[in-house]
Structures are given as C-alpha cells and as structure tokens.
Visitor: 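Would you mind keeping the following structure in view while I ask a few things?
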Amino acid sequence: MDHWQPVIGLELHVQLKTRSKIFSAAATAYGAEVNRQACALDLGMPGTLPVLNGEAVEMAIKLGHAIGGKIAPECVFARKNYFYPDLPKGYQISQFEQPIVAGGTVEIDGDDGAPRKIGIVRAHLEEDAGKSVHDLFRGRSGIDLNRAGTPLIEIVTEPELHTAREAVALMRELYTLVMYLDICDGNLAEGSFRCDANVSVRPRESTKLGTRAEIKNINSFRFVERAIDYEIHRQIHRLESGEQIVQETRLYDADKNETRSMRGKEEAEDYRYFPDPDLLPLRIDPAASERIRAGIPELPAGKRRRYRDELALSAEDVHQLVAHPRLAEFFEAVVAAAPGVEPKRCANWVVVELMGALHKRDLDIDSSPVSASMMAGLLARIADGTISGKLAKSVFEGMLSGEGDADQVIAARGLRQISDSDAIRDVIRGILADSEEQIAQYRNGEAKVLNYFVGQVMRATRGQANPGQVRKILTEELDNE
C-alpha cells in the first residue's frame, strides 16, 4: 500500500418513496406477491406509453439543491439498450447527456480526520429493472417484475476517494441526506439504497487513473468496506505479480469475502443511448424549483453544527443523534419538553439508555415504548431531586415495561428519593454508632472509607436517599465526632 494509491468512485442507487412507478401507475410497495405489481408498460407490451411521475422529479430537484448541484432547465430521458431477462423492454429508461442534476459536493471526514469535499458528477432519474430469482425452481430461474419501473435516482461521485473507509463515510453521508430529505425509506435489506463501487489502483507518484473494476449491487455499509478493501488488495497483488487488470464488472460474495468476475465492463457506447422518442424533454420551471428548495428541512451538516455550537454536545453524541432524522426529532422533542435539563443529559439518556434498550429489544426509535414526553418527564424528576440518577434507571425500566410515565412508576414502586436532611441524618447516626473501626480509619486519613459509609446509607434506604445530601451530612457527622 505504501507504493500504490487506490482511486474509488461510487454510483449510488436511491429508490424513491413514491407510491407509484416512475412511468406507470403500478404500485411500488415492497413484499407484494410475485409479478402482481407489474402493469403492461412494465412488462414491455407493445403500444404502451410512459407517463412521467411528477413526484419523482420533485424529489430529484430536492436532492440537487441539497448537494449544491445545478438543476437543469431542460433534461432528456434516454433509452439505455441492453438485454437481460429482468428487462422485458430490452432497454432501460434513464438519463445520459442531459441529467436533471449536474455537479455538487458532499462533505465527509477523511481518514486523517480533516473534512473533505467530494465532488458529485451527476444525479439522474431512471427506472429500476426487475429481479431474477434463482432459489424457487430447481435448475431454473424465475423473473419477478414487481420492481421493474420503480423510480431511482443514481448519484455518481467523482473518483476522489482513496480508502474503503472514506467510501463508506460518503455512502453513509448520502444515506443520511436522502433520509432527511424524506425521498427514500432507507431500507438496505429491501434494496432501497444500493451501491456500485468503481475501484482502481495506481502508483502513488502517478496522476493517471488505473484500469477499474466495478463491484455491483452492494447493499450494506459493512459489505461496501469489505468489498472495496478486498478489491484493492486483489488489484495490487495482480500488478505486483506482473499481471494486468481487466476492466470488468465484479460481484461481491459476502460468505467468502471476495469479489469475482461477472462480465466485461460495458462503456457508454455499448448501451447505444438515444433519446426516448416516447418522452418529451422535461423543462424545469425555475419558480417550482425555488419552491422545492425553500421547503428543504435542516440538513445533517447544519444540524451537526447547531448541536455542537449551540447545545455543546460531544462529537460522539452529535454523530449518534444526527445519524437518523427520527432520532434527531426525538432528541429535540425531549429537549423542548424538559427546559430545565441540560441538552447533554438529554443526549446521554437518549443515546445510551434509550437506544441501548431499544437495540436489545430489536426496536427502532419509531417503535419506542417510551415517548419523548415520557423521557422528558423522567429527566425532570432527576433535575428536581425527586429521584436520583441510580433510581432513574429503575424508573426507566418500568417505563419500558409499560408501567406508565415516570410519576406513575415512582409512585407504584415507592422510589421517591429521600431528601429530608433530618431523616438522612438519623440513618447516618445509626450506622456510625456501630462503626467505630471505620471511623478510626477515616480519622487516620483513609478518605476512601467515606465511600463505604455512603454505600451503607444507600443500602439502608434502599437507594432512595439523596446521594449528594448523604455525602454532605456524613462529612459533617464524621468531622464533628
């Protein structure tokens, strides 16, 4: 690796959250019975004509503005011609010379921790193909065309990435972005967000790009990193062995953690692109484009800055909270409903306690049995001294189990913190009366004995004594002995 520089570019396929397909009225819902969501157009029947889905266009414009790209005043749909069993028309409707979005950048943290802006070549609209199914019929493959015609945005990045970790960072950032824009459901398992990675290597002193291999259809962040790392080392090994790199399309086998050859890599001319004669050029109204831009919500980069600068959250908290828009919304709802609680404490409870508990139960934030208002109520009871931080965890467990909000759990379990100084002092004096040896150790300078006494008091009060008051009164009593 000291002598070679990897060069990586990504092609990301983002499935749009439209209810119908990009050129037909067929539904896009996942999980339907095989071939039940494929109409005559999707099947490539003669005489059918495509009708463009306006919602898909608006989503593409929204993405273009979010990455700082140029929205084309006019774009053209083209036919990308190739034969494959899951493409019954014999061509895919896509965009080639005139995409809807050109240019733009996305910022990531590079391997050295410094921010890097990665260029976007283009983002264009296209239809998805169907799906070949190989495990239903012995010795034969089936074709499911439910997915055929599903609207996609393909985002093509500049070849400016140099490690697998940077590639994953860019993929994650774009994933987060499309989730915040609410144009994709982000379900990786269902193929809603997929990645093709173009990988090459070159001598470090060279500026000429090496021969690239394209790794197709990787649908998890972990597999993207593993596939790119494998491909980098495969190419370096071949070059150092005196062999050549063949331009080709490769598949990643997760079970064997290796890429393998699929077919020779096609060039643009191989697809014989030409404008689709059934679709007129699409003209974008500037006023409509501006309206869409004005409706874009706060994006991840801006939210990170605000959490860091205004809420004084740690980098790790910011990273965790901003990773998903629903989680950020939940956190902000907690902060708003608990005005007397520091945002840092809110972040700790949401990120560590709540998300940890949800992960154990295989739940996401939308399925949380503890609402934002319930979480805020719990934090308010810690802040006003009703319960200690330790008791709060017992209250939280009760809330997770459906026992009600914080006040209801506190009342039902008898967990209200003892803050009465006289009551705490009585308990302390009773313990000190039987602890002559420990008192002597304390007076001989063994300050850690104080922790022993704190533990005894908390045990005697079943954890309900206010810890701060316990420590203060203990010190007073011991120093006055």
Side-chain angles (χ1 to χ4, degrees), residues 10-25 28 49-80 92-107 117-128 149-158 160 170 173-186 192-193 268 273-303 305-306 325:
L10 301 182
E11 299 173 11
L12 297 158
H13 294 85
V14 180
Q15 183 173 312
L16 300 179
K17 282 179 62 174
T18 58
R19 289 175 295 175
S20 59
K21 296 183 179 180
I22 189 168
F23 298 117
S24 79
T28 58
L49 292 172
V51 177
L52 180 59
N53 185 327
E55 190 178 13
V57 174
E58 291 191 4
M59 289 180 177
I61 294 171
K62 187 184 290 188
L63 174 68
H65 284 303
I67 62 174
K70 180 182 178 182
I71 308 302
E74 181 176 296
C75 58
V76 173
F77 286 94
R79 291 186 179 182
K80 179 180 180 180
Q92 176 191 28
I93 302 177
S94 182
Q95 293 183 319
F96 182 51
E97 292 179 336
Q98 294 176 264
I100 190 167
V101 177
T105 59
V106 175
E107 186 172 285
K117 287 191 175 181
I118 306 300
I120 302 298
V121 177
R122 57 191 279 144
H124 62 260
L125 285 164
E126 65 182 20
E127 62 179 347
D128 206 348
T150 298
L152 302 176
I153 294 176
E154 181 175 344
I155 305 170
V156 182
T157 80
E158 296 282 3
E160 297 176 344
L170 179 59
E173 187 64 17
L174 283 165
Y175 175 85
T176 304
L177 180 63
V178 299
M179 294 291 288
Y180 271 80
L181 294 172
D182 197 29
I183 63 176
C184 176
D185 65 20
S192 298
F193 191 87
Y273 282 99
F274 63 86
D276 193 305
D278 294 331
L279 288 162
L280 293 171
L282 173 64
R283 294 187 176 93
I284 308 297
D285 177 19
S289 178
E290 177 57 26
R291 172 182 57 79
I292 294 168
R293 188 200 65 77
I296 292 176
E298 183 182 37
L299 297 178
K303 196 174 288 290
R305 284 192 296 271
R306 180 164 63 84

Visitor: Pairing donors with acceptors under 3.5 angstrom, does anything connect the side chains of H124 and E126?
Guide: yes
Visitor: For R122, is there an ion pair with E158 - N to carboxylate O distance below 4.0 angstrom?
Guide: no
Visitor: With rounding to the nearest 0.5 angstrom, report the CG to CD1 distance, L10 to I155.
Guide: 10.0 Å
Visitor: Do Y180 side-chain atoms and P297 backbone N/O form a donor-acceptor pair below 3.5 Å?
Guide: no
Visitor: Using every non-hydrogen atom in the two residues, find where A56 and T18 come nearest and quote the distance to one decimal.
Guide: N-CG2, 4.0 Å
Visitor: What are the two closest non-hydrogen atoms of K17 and D182, and how far apart are they?
Guide: NZ-OD1, 2.6 Å
Visitor: For a quick test of reading the model, state the closest non-hydrogen atom pair linking L279 to F77 and the distance between them.
Guide: CD1-CB, 3.9 Å
Visitor: Inspect the surroundings of CD in E97 and state if more than 12 heavy atoms from other residues, nucleotides or ligands are less than 6.0 Å away.
Guide: no
Visitor: Is the shortest heavy-atom distance from the side chain of V101 to the side chain of I67 under 4.5 Å?
Guide: yes
Visitor: To the nearest 0.5 Å, how far apart are CG in D276 and OG in S94?
Guide: 11.0 Å
Visitor: Do you know the tightest heavy-atom contact between S192 and G186?
Guide: CB-N, 4.3 Å
Visitor: Could you check whether any side-chain heavy atom of L177 comes within less than 4.5 Å of a side-chain heavy atom of L299, counting everything from C-beta outward?
Guide: yes
Visitor: Does the side chain of P151 reach to within under 4.5 Å of the side chain of Q15, using non-hydrogen atoms?
Guide: no
Visitor: So L16 and I153, do their side chains get closer than 4.5 Å, heavy atoms only?
Guide: yes
Visitor: Verify the distance criterion only: is there a donor paired with an acceptor across the side chains of S289 and H65 at less than 3.5 Å?
Guide: yes
Visitor: What are the two closest heavy atoms between I296 and A66, and how far apart are they?
Guide: CD1-N, 4.1 Å
Visitor: Mind checking the NZ-CD spacing from K303 to E298? Nearest 0.5 Å is all I need.
Guide: 4.0 Å
Visitor: Is any side-chain heavy atom of I120 less than 4.5 Å from a side-chain heavy atom of T105?
Guide: no
Visitor: Is there a donor-acceptor contact under 3.5 Å from the side chain of E160 to the main chain of G119?
Guide: yes
Visitor: Enter the distance from D128:CG to Q92:CD here, rounded to the nearest 0.5 Å.
Guide: 7.5 Å
Visitor: Could you pull out the closest heavy-atom pair between Q95 and L125, with the gap in Å?
Guide: OE1-N, 3.1 Å
Visitor: Within this structure, what is the CD1-CG distance for the pair I183 and L63, rounded to the nearest 0.5 Å?
Guide: 5.0 Å
Visitor: To the nearest 0.5 Å, what is the distance between CD on E290 and CD1 on I71?
Guide: 11.0 Å
Visitor: Please determine whether a side-chain nitrogen of the Lys or Arg among R79 and D278 lies less than 4.0 Å from a carboxylate oxygen of the Asp or Glu.
Guide: yes
Visitor: Please tell me if the side chains of F193 and L12 come closer than 4.5 Å, counting only heavy atoms from C-beta onward.
Guide: yes
Visitor: Does C75 reach the side chain of I100, with side-chain heavy atoms less than 4.5 Å apart?
Guide: yes
Visitor: Hey, what's the ring geometry for Y273 with F96, parallel, tilted or perpendicular (30° and 60° as the breaks)?
Guide: parallel
